[in-house]
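Take a look at the structure set out below.
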Amino acid sequence: MSRQLRVAVIGAGPAGIYAADILTKSEGVDARVDILDRDPTPFGLIRYGVAPDHPRIKEIVKALKRVLSNPDIRFFGNVNYGSDLKLDHLQQFYDAVIFATGARADRDLDIPGIDLKGSFGAADFVYWYDGHPDAPREWPFEPHAESVAVLGVGNVGLDVARMLAKTADEQLVTEIPQNVYEGLKANAAKDIHVFARRGPAQVKFTPMELRELSHSPNVDVIVHPEGFELDEGSMDSIRASKSVKLVVDVLQNYLAKEPKGADHRIHIHFCQNPVEVLGEDGRVVGLRTEVTELDGTGNARGTGEFKDWPVQAVYRAVGYRSDNLAGIPFDNNTATVPNDGGRVIDIDGEPLPGAYVTGWIKRGPVGLIGHTKSDAAETIRLLLEDVDRLRPPASPDREDVDAYLAGRGIEFTTWEGWEKLDEHEIALGEAAGRARIKVVPRDEMVQISRS
């Protein structure tokens with residue numbers, strides 16, 4: 001007879017959902033999984049971290065919905081780990097806990113002037129335009145900020161550049177809520193300058209993201225030739241990776257293409273290392289970069305030559321950072337939970353019984369969704385190896401969890417509640433001739449879900 005296993009997953013993004021799916025399909029165990037998330041909705045960064053004009057990427061939601069429809073998997077939204085419950089609470093109900101909380105905060109960029117008014121973290125901007133319930137309803141666009149700098153050449157940097165470059169009316173075909181549409185209409189940006197510290201073969205965005213920059217008739221993509229040289233290390237990267245080759249090919253096409261005279265322009269600059277945000281009266285008035293050069297290995301070194309760029313806003317897209325989690329170790333340097341393949345490691349170097357991690361909280365904010373699935377498989381394999389050593393919970397019945405949350409006064413949402421909210425948002429969209437319009441306020445989402 002297979003072992004019955006009760007597992008909690010903290011985080012309802014792809015990492016957590018994949019872990020639940022793999023576990024419930026594993027042979028030799030009869031697993032029941034509860035996924036808990038602080039958002040009232042599932043899907044994590046797929047809902048709140050992907051630009052709204054990316055419907056193809058959001059197709060992944062269809063696969064995640066199939067997983068969450070499994071009766072062996074339950075969803076509890078609007079439950080905040082660390083304040084509503086902690087590890088010792090969860091251990092009353094579950095054999096094991098998997099943390100899949102991802103990375104939501106902006107990584108710091110320690111350069112002078114980064115805290116000036118008009119300097120923003122990309123994650124904050126993304127949560128605003130994606131309608132996250134905890135984001136401000138308004139974005140502080142400067143009325144005269146026609147030139148904007150984006151620091152970082154990952155997919156998030158391109159999303160930010162594209163959202164700043166496209167008109168508000170172009171976004172009306174997406175699911176953006178009304179407050180985001182009104183906010184984007186106040187955006188004065190005409191020239192968005194994206195800065196890369198190294199060369200074209202070292203950028204982190206994908207070919208699809210790069211090609212999509214030119215899909216708007218209102219945007220010219222201008223790749224500047226300075227720093228476009230390819231050293232031997234770059235050529236090695238191109239030869240070793242089809243994706244890198246495709247990115248460089250697309251960049252070369254942009255480089256050779258004449259601008260069509262669009263009202264908005266995205267400029268891509270290579271070998272420019274941001275060293276200072278320039279200010280006046282407490283506001284951003286420029287960006288200073290140091291010109292770099294490739295050293296033959298694909299890495300860059302400073303040349304001692306500096307350049308000032310007149311910009312009125314700066315968005316740093318230099319990566320995400322995970323939050324510290326109550327009751328388990330945390331490495332502030334890597335912003336991850338110390339682990340061995342997914343087993344959480346305590347401060348004495350020993351595994352913390354029944355505690356596991358997967359996704360970005362495990363390995364840092366790198367890799368695409370495909371990496372997340374293989375990452376979850378590794379964690380689940382280790383959990384299954386540990387099954388006989390896991391301490392059985394004192395209250396293993398599913399109803400005990402519902403009663404505990406209700407007793408704490410937590411207005412949790414469920415998968416059935418998400419389906420109600422999903423239908424409501426689609427209906428809002430249909431009334432406006434759109435596929436969906438997101439509901440933003442947390443209390444409204446909870447009310448609809450629990451109705």
Side-chain angles (χ1 to χ4, degrees), residues 107-114 122 148-162 191-214 220-257 259 265-278 286-311 314-320 334 364-368:
R107 206 178 84 189
D108 293 333
L109 180 62
D110 187 17
I111 62 175
I114 198 66
V148 177
V150 176
L151 315 183
V153 284
N155 284 341
V156 174
L158 288 194
D159 279 354
V160 169
R162 199 178 60 257
D191 289 277
I192 294 86
H193 297 269
V194 181
F195 292 94
R197 185 175 59 85
R198 295 187 291 171
Q202 287 78 43
V203 296
K204 299 300 182 183
F205 35 69
T206 58
M208 182 184 74
E209 291 269 351
L210 185 57
R211 282 192 291 263
E212 286 181 348
L213 286 184
S214 63
D220 272 329
V221 181
I222 301 171
V223 172
H224 292 258
E226 295 82 6
F228 202 90
E229 296 82 5
L230 300 173
D231 64 350
E232 188 56 36
S234 299
M235 295 305 299
D236 288 343
S237 296
I238 292 169
R239 287 188 286 264
S241 170
K242 182 179 179 181
S243 178
V244 172
K245 183 181 186 303
L246 287 172
V247 165
V248 173
D249 287 346
V250 175
L251 288 169
Q252 287 175 329
N253 289 337
Y254 283 142
L255 182 64
K257 191 175 182 180
R265 293 157 293 278
I266 296 175
H267 305 261
I268 301 179
H269 305 276
F270 295 105
C271 290
Q272 298 287 340
N273 183 34
V275 295
E276 184 177 358
V277 179
L278 306 176
L287 176 73
R288 178 166 295 159
T289 62
E290 181 180 13
V291 178
T292 64
E293 60 184 9
L294 298 178
D295 64 3
T297 69
N299 291 313
R301 59 192 171 209
T303 65
E305 177 187 349
F306 296 88
K307 185 171 182 177
D308 290 353
W309 307 80
V311 298
V314 171
Y315 291 77
R316 72 180 189 277
V318 295
Y320 287 105
T334 62
V366 293
L368 303 174

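Numbers here simply count residues along the sequence, with the first being 1.
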Between Arg211 and Val250, the two heavy atoms sitting closest are CG-CG2, 3.8 Å
If we ignore angles and hydrogens, is there a donor and acceptor under 3.5 Å between the side chains of Gln202 and Ser234?
-> yes
Calculate, to the nearest 0.5 Å, the distance between atoms CD1 and CD1 belonging to Ile266 and Ile192 respectively.
-> 6.0 Å
Hey, does His193 have a side-chain heavy atom less than 4.5 Å from the side chain of Val148?
-> no
Take Arg301 and Asp295, measure what salt bridge (charged side-chain N to carboxylate O under 4.0 Å, His left out) needs, and give me the verdict at the end.
-> CA-CA 7 Å; Arg301 59 192 171 209; Asp295 64 3; 5.1 Å; no
Is there a side-chain contact between Leu278 and Asp308, using heavy atoms and a 4.5 Å cut-off?
-> yes
Evaluate the criterion side chain to side chain contact (heavy atoms under 4.5 Å, CB included) for residue pair His269 and His267; output intermediate values, then yes/no.
-> CA-CA 6 Å; His269 305 276; His267 305 261; 3.4 Å; yes
Go through the steps to decide whether Lys204 and Glu209 satisfy the test salt bridge (charged side-chain N to carboxylate O under 4.0 Å, His left out), and finish with yes or no.
-> CA-CA 10 Å; Lys204 299 300 182 183; Glu209 291 269 351; over 6 Å; no
Start with the C-alpha distance between Met208 and Leu210, add both sets of side-chain angles, then the distance that settles side chain to side chain contact (heavy atoms under 4.5 Å, CB included), and finish with yes or no.
-> CA-CA 5 Å; Met208 182 184 74; Leu210 185 57; over 6 Å; no
Is Phe228 close to Gln252 at the side-chain level, that is, under 4.5 Å between some pair of heavy atoms?
-> yes
Does some side-chain heavy atom of Ile114 sit less than 4.5 Å from a side-chain heavy atom of Asp110?
-> no
Check side-chain contact (heavy atoms from CB on, under 4.5 Å) between Glu226 and all other residues, then give those that pass, not counting sequence neighbours.
-> His224
CD (Gln272) and CG (Leu287) are apart, to the nearest 0.5 Å, by 9.0 Å
Please examine the side chains of Phe270 and Thr292, heavy atoms only from C-beta on, and report whether any two atoms are closer than 4.5 Å.
-> no
Given the rule in the side chain to side chain contact (heavy atoms under 4.5 Å, CB included) test, do Asp231 and Met235 qualify, once you have shown the distances and angles that lead to the verdict?
-> CA-CA 6 Å; Asp231 64 350; Met235 295 305 299; over 6 Å; no
Locate the shortest heavy-atom distance separating Ser237 from Ala201; write the atom from each residue and the value.
-> CB-O, 4.4 Å
Do you know the tightest heavy-atom contact between Val275 and Ile111?
-> O-CB, 3.5 Å
Validation row: Val153, Phe195 side chains within 4.5 angstrom (heavy atoms) = no
Least distance between heavy atoms, Leu151 atom then Pro274 atom | CD2-CG, 3.8 Å
How far does OH of Tyr254 sit from CG of Asp220, to the nearest 0.5 angstrom?
-> 10.5 Å
Where is the tightest heavy-atom contact between Val248 and Pro200, given as atom of each residue plus distance?
-> CG2-O, 3.9 Å
Start with the C-alpha distance between Arg198 and Asn273, add both sets of side-chain angles, then the distance that settles side chain to side chain contact (heavy atoms under 4.5 Å, CB included), and finish with yes or no.
-> CA-CA 8 Å; Arg198 295 187 291 171; Asn273 183 34; over 6 Å; no
Side chains of Asp236 and Glu232: closer than 4.5 Å at any heavy-atom pair?
-> yes
Would Asp191 and Arg265 satisfy salt bridge (charged side-chain N to carboxylate O under 4.0 Å, His left out), going step by step from the backbone distance to the final call?
-> CA-CA 5 Å; Asp191 289 277; Arg265 293 157 293 278; 2.7 Å; yes
Closest heavy-atom contact between Gly199 and Leu294?
-> N-CD2, 3.9 Å
Rounding to 0.5 Å, atoms CD (Glu290) and NZ (Lys307) come to a distance of 14.0 Å
Distance from Leu213 atom CG to Ile268 atom CD1, nearest 0.5 Å?
-> 5.5 Å
